[in-house]
Amino acid sequence: MALKPTIFKARIAVSDLDRDFYDTLNLTIAQHPSETTERMMARVLAFCINAREGLGFTKGLSEPDVPDIECRSLDGRLLLWIDVGEPAPERIKKATRVAEAVRVYSFNTKSDAWWQQAGAQISDSKAEVFQLRWVGLQALTALVQRTMEMSVTLSGDSAYFSSDAGDFEISWTALTKIS
């Protein structure tokens, strides 16, 4: 019998100071049985950074040929493909062929080694790659509850999360730039 995902609910007030984007997101987050809490929160952070109409979680780990998060136009075009983790360069190249924009959020302890090994191949693609600070992401897991209410303020290359469970700041570095 297959294990079922753990379901989390989050109400997040997002204030993106750089994009002048302000909204309250009501998210249902399915944590795959093999997914760590850090990866789940990396997905939540990536969702907040890219928040816009049409953005949504996919089946992710349960369906290997889809992104973790996607944004589709009203006519079904794939506008944005977001992967969380350290995908193979071939996966990123495939994504750049099917989506108008591709973003990758690398986050764990093997992120540096992954970038050293695959960075040159990925830099040739039209994907934006960001490295989330692992220590900040680990601290962010302290906010996790089955039902969460929090706010996040985005500015530059950092996000400040605040909830009744605590306050944490997490930053990231852009590993590639798209002109």
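Predicted, not measured: the structure shown is a model, and the values here were computed from it.
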Taking Asn108 for the side chain and Lys110 for the main chain, is one N or O donor matched with an acceptor at less than 3.5 Å?
yes
Considering non-hydrogen atoms only, spot the tightest contact between Ile69 and Phe47 and give its length.
CD1-N, 3.8 Å
Count I, L, V, M, F, W, Y as connected when their side-chain heavy atoms are under 4.5 Å apart, and connections chain through other members. Are Trp134 and Met41 then in the same cluster?
yes
Nearest 0.5 Å, please: how far is SG in Cys48 from CG in Leu55?
9.5 Å
Could you tell me whether Asp164 atom CG has more than 12 heavy atoms of other residues or ligands within 6.0 Å of it?
no
If you measure from CG on Leu80 to CZ on Arg103, what distance do you get to the nearest 0.5 Å?
5.5 Å
Is it true that a side-chain atom of Trp114 and a backbone atom of Pro87 form a donor plus acceptor pair closer than 3.5 Å?
yes
Taking atom types as modelled, find out whether Ser106 and Glu86 have a side-chain donor-acceptor pair closer than 3.5 angstrom.
yes
Output yes when a side-chain donor or acceptor of Ser123 lies under 3.5 Å from a complementary backbone atom of Ala120, and no otherwise.
no
Output for pair (Ile82 CD1, Glu128 CD), nearest 0.5 Å, gives 10.0 Å
Go through the structure and list residues passing ring pair (Phe, Tyr, Trp, His ring centres under 6.0 Å) with Phe8, not counting sequence neighbours.
none
Is Leu79 linked to Val66 within one hydrophobic cluster, defined over Ile, Leu, Val, Met, Phe, Trp and Tyr using a side-chain heavy-atom separation of less than 4.5 Å?
no
Going by heavy atoms in the side chains, are Gln31 and Thr36 under 4.5 Å from each other?
no
Check for a donor-acceptor pair, side chain of Asp18 on one end and backbone N or O of Gly156 on the other, with a separation under 3.5 Å.
yes
When you look at CD1 of Ile7, are more than 12 heavy atoms from neighbouring residues, nucleotides or ligands closer to it than 6.0 Å?
yes
Flag yes if Tyr160 and Leu143 sit in one hydrophobic cluster, no otherwise; membership is Ile, Leu, Val, Met, Phe, Trp, Tyr, and two members link when side-chain heavy atoms are under 4.5 Å apart.
no
Are side-chain heavy atoms of Arg91 and Trp81 found at a separation under 4.5 Å?
yes
Quick check: do Val102 and Lys126 have side-chain heavy atoms less than 4.5 Å from each other?
no
In short, Ile92 meets Ser125 closest at the heavy-atom pair CG2-OG, 3.8 Å
Within the structure provided, determine whether Leu17 and Thr153 are in side-chain contact (heavy-atom separation under 4.5 Å).
yes
Answer with yes or no whether the hydrophobic clustering places Trp172 together with Trp115; edges join I, L, V, M, F, W, Y residues whose side-chain heavy atoms lie under 4.5 Å apart.
no
State, to 0.1 Å, how close Leu132 and Tyr105 come at their nearest heavy-atom pair, and which atoms those are.
CD2-CD2, 4.1 Å
Provide the full list of salt bridge (Lys or Arg N to Asp or Glu O under 4.0 Å) pairs with a residue in residues 43-54, sequence neighbours left out, each pair given once.
Glu35-Arg43
Is there a continuous path of hydrophobic side-chain contacts, each under 4.5 Å between heavy atoms, that joins Phe130 to Leu175?
no
Please report the closest heavy-atom contact between Gly85 and Val104, naming both atoms and the distance.
O-CG1, 3.9 Å
Quick one: pull up CD in Glu100 and CZ in Arg72 and give me the separation to the nearest 0.5 Å.
11.0 Å
What heavy-atom pair brings Ile29 and Met148 nearest, and what distance separates the two atoms?
CD1-CE, 4.4 Å
As a quick check of understanding, evaluate side-chain contact (heavy atoms from CB on, under 4.5 Å) for Ile170 and Leu137, giving each step before the final call.
CA-CA 7 Å; Ile170 181 168; Leu137 201 53; 3.8 Å; yes
So with a 6.0 Å cut-off around CD of Glu169, is the heavy-atom count from everything else above 12?
yes
Are any of the side-chain heavy atoms of Val152 and Val44 separated by less than 4.5 Å?
no
Taking Thr176 for its side chain and Val129 for its backbone only, find out whether a donor-acceptor pair lies under 3.5 Å.
yes
Do the non-hydrogen side-chain atoms of Phe57 and Thr28 ever get within less than 4.5 Å of each other?
no
Can a donor-acceptor pair be found, under 3.5 Å and without considering hydrogens, that links the side chain of Arg39 to the backbone of Val84?
yes
CD1 (Ile122) and CD (Glu90) are apart, to the nearest 0.5 Å, by 9.0 Å
Should Asp112 and Gln131 be marked as a side-chain contact (heavy atoms from CB on, under 4.5 Å) after you check the CA-CA gap, both sets of side-chain angles, and the distance that decides it?
CA-CA 9 Å; Asp112 288 330; Gln131 184 180 47; 2.8 Å; yes
Walk me through it: do Glu38 and Leu140 pass the test side-chain contact (heavy atoms from CB on, under 4.5 Å)?
CA-CA 8 Å; Glu38 288 86 2; Leu140 190 58; over 6 Å; no
If every non-hydrogen atom of Tyr22 is compared with every non-hydrogen atom of Asp20, which pair is closest and at what distance?
CE1-C, 3.5 Å
Check the pair Thr6, Arg146 against side-chain contact (heavy atoms from CB on, under 4.5 Å), reporting the backbone distance first and the verdict last.
CA-CA 9 Å; Thr6 304; Arg146 291 294 293 270; 3.7 Å; yes
Point-to-point distance, once rounded to the nearest 0.5 Å, from OG1 of Thr141 to CE of Met40
9.0 Å
Any side-chain heavy-atom pair from Phe161 and Leu45 closer than 4.5 angstrom?
yes
